[in-house]
Amino acid sequence: MSLIQAVRGTRDILPGESSDWQRVEAAARTLLARAGYQEIRTPLFEQTDLFERGIGEATDIVGKEMYSFQDRGERWITLRPEGTAGVVRAFLEHKLYTQGGIQRLWYTGPMFRYERPQAGRQRQFHQLGVEVLGSADPRADAEVIAIASDLLKTLGLSRWKLDLNSVGDLEDRQRYREKLVAYFTPYVAELDRDSQERLHRNPLRILDSKDPRTQAIAQEAPSILDYLGADSQRHFEQVQQYLSNLSIPYQLNPRLVRGLDYYTHTAFEMQVDDLGAQATVCGGGRYDRLVQELGGPDTPAIGWAIGLERLILLLQQLHLPLLATIDFYLVAKGTNAEAQALTLSHGLRQAGFAVELDLSGSAFGKQLKRADRSGAPACLIMGDAEAEAKTVQLKWLASGEQQAVAQSDLLHQTEALQQRLAALREKR
RNA sequence: GCGAGCGUAGCCAAGUGGCUAAGGCAGUGGAUUGUGGUUCCACCAUUCGCGGGUUCGAUUCCCGUCGUUCGCCCCA
């Protein structure tokens, strides 16, 4: 009989790895709370229409990567391929815009795209994202980029670069698109096949083709930055000024085009060298038209999403030490001792200690060995003699120092112990 | 969706058309029946992802399939 395995492109996050995830999530929560962002949790699936209208029917995500199906009520359902559409849907459905001012939101959770799996690219993957709804101010652009930058820094990542571009507003893009088509048309025969197809469907995407010949041709193509209207130009310049004020290094990349139709003005990506073709760790931009297109009031917005698998892959490459460990490993042998150890472990936890109780009942030597491996700074040893005397042996594993302690002292005079544990933790 | 590589224990692996499939780490038991980090001993794959084929004989060669990795595509 063959074992059932996880579906292609999905994976389990096992105990050895979940602490990495928790670190990222905790760091993000702290930073986002400080910046006044509130969490929003939306469903994992939505009506298929939401994504078709929101992301754009011509995009690859909608065209060939969505998990769509009909439910038993014959509704067309899609597992969310990204987070923004659902957030905007909720924003409209609950009329959050009537609360006035600006909504600063964040979310995290699984997303689903039917793609060929690779390291850093799965069919069920996780994103953490922010959305600022209701501000057209370039300071909002800079704020969200700064938060992403801070998050990476907090986690110890330093080797990334920020690519920045503006794709202008609708009119700018229309004008530019015409110029671009006019530029590429004489070269049609020399372009790679994909780019030939994109010439009329989505000519901006030709710019980031990896085909060397196409790239050579695209090198001389007109730049979007020369076709920005006065307002777009001004917005983009201010974003750059603010980023400089915040000492966030960036580089202009006029060929940066994001794959979702809803982007306007600012577009950016944070990339690293260590993830092969999955170099983009964070991507985002402004989407001033999306809320309106989904039937809401004219609401400018900006956001980004971080790919958590990619981020955690990077953290793991850094071999950052893990800090989470227990305070005491509790060893017991003998009928009375084992019974009392259970009670003691319970009491210690109520007193605020992290305790692991050895359940094996094997020889003290074996249990001590496990205590050592557990990473706990100290070990508590209880045999029937200790059980009789209502004491326990407290052994500090690094020094070997050991003494008998009354159980009641352990439970009620916790101050000194906590301080000593904290001091040991500090050293590691 | 296209092209290519890989798949031997929980992990890292050596291996070959033919006698019981190296080794290391981890794990379990013991030396040490109440004291760990060192050491020593023993145990730990009727089987080489799965299915089929070729062969006297396949973990090894072939086909298919599943998974994974790299590139393209796409994107976070």
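Letters A, B, ... mirror the listed sequences (proteins, then strands); counts begin at 1. Keep in mind the model is a prediction, meaning the values are calculated, not measured.
With rounding to whole Å, Arg8(A) atom CZ is found 8 Å from G1(B) atom P. In this structure, the CD atom of Gln118(A) is 12 Å from the C1' atom of G5(B), given to the nearest Å. In this structure, Lys366(A) atom NZ and U28(B) atom C1' are separated by 8 Å, rounded to whole Å. For the pair Glu131(A) CD and A76(B) C1', the interatomic distance rounds to 13 Å; values are reported in whole Å.
Surrounding CZ of Arg213(A) are at most 12 heavy atoms belonging to other residues, nucleotides or ligands under 6.0 Å away. Heavy-atom contacts from other residues, nucleotides or ligands closer than 6.0 Å to OH of Tyr242(A) number more than 12.
Within the 4.5 Å cutoff, side-chain heavy atoms of Tyr37(A) are placed close to those of Val132(A). Taking 4.5 Å as the limit, some side-chain heavy atom of Arg89(A) sits within range of a side-chain heavy atom of Pro43(A).
Contact annotation for Gly120(A): base contact, defined as any heavy-atom pair under 4.0 Å involving a base atom. If you check every strand for non-hydrogen atoms under 4.0 Å, Ala363(A) touches nothing. Among the protein residues, Gln271(A) comes within range of no part of the nucleic acid, since none of its heavy atoms lies under 4.0 Å from any strand. If you check every strand for non-hydrogen atoms under 4.0 Å, Gly129(A) touches nothing. Across all strands shown, Gln393(A) has heavy atoms under 4.0 Å from base atoms, whether or not it also approaches the sugar-phosphate. Contact annotation for Gly9(A): backbone-only contact, meaning every heavy-atom pair under 4.0 Å involves sugar-phosphate atoms and none involves a base. Nucleic acid contact for Asp194(A): sugar-phosphate only, since backbone atoms but no base atoms lie under 4.0 Å from a heavy atom of the residue. Using a 4.0 Å heavy-atom criterion, one finds that Arg370(A) contacts the sugar-phosphate atoms exclusively. If you check every strand for non-hydrogen atoms under 4.0 Å, Ala371(A) touches nothing. Using a 4.0 Å heavy-atom cutoff across all strands shown, Gln402(A) reaches at least one base atom of the nucleic acid. Residue-level contact check: Arg373(A) touches the backbone only, with heavy atoms under 4.0 Å from sugar-phosphate atoms and none from bases.
Here the nucleotide nearest the side chain of Gln127(A), chosen from G3(B), C66(B), A76(B), is A76(B). Listed nucleotides G67(B), C72(B), G34(B) differ in distance to Ile381(A); the shortest reach to its side chain belongs to G34(B). Considering only the side chain of Ala277(A), C72(B) comes nearest among C73(B), C72(B), C70(B).
Judged by distance alone, the side chain of Lys395(A) and the main-chain N or O of Leu380(A) form no donor-acceptor pair under 3.5 Å.
With a cut-off of 3.5 Å on both pairing distances, A13(B) has no Watson-Crick or G-U wobble partner at all. The partner of C19(B) is absent, by the rule that a Watson-Crick or G-U pair needs both atom distances under 3.5 Å. The nucleotide C72(B) finds its pairing partner in G1(B), both defining distances of the Watson-Crick or G-U wobble pair being shorter than 3.5 Å. The base-pairing partner of G36(B), taking Watson-Crick or G-U wobble contacts with both distances under 3.5 Å, does not exist among the strands shown. Pair check for C50(B) finds G64(B); Watson-Crick or G-U wobble, both atom distances under 3.5 Å. Taking a pair to require two hydrogen-bonding distances under 3.5 Å in either a Watson-Crick or a G-U wobble arrangement, C44(B) remains unpaired.
Toward the 5′ end of RNA chain B lies the nearest nucleotide of Lys333(A), the other residue of the pair Gly307(A) and Lys333(A) mapping further downstream. Along RNA chain B, the nucleotide nearest to Ala279(A) and the one nearest to Ala6(A) differ in position, and the one closer to the 5' end is contacted by Ala6(A).
In this model, no side-chain donor or acceptor of Glu115(A) finds a partner on the base of G1(B) within 3.5 Å.
Judged purely by distance below 3.5 Å, without hydrogens or angles, the side chains of Asp211(A) and Ser195(A) never pair a donor atom with an acceptor atom.
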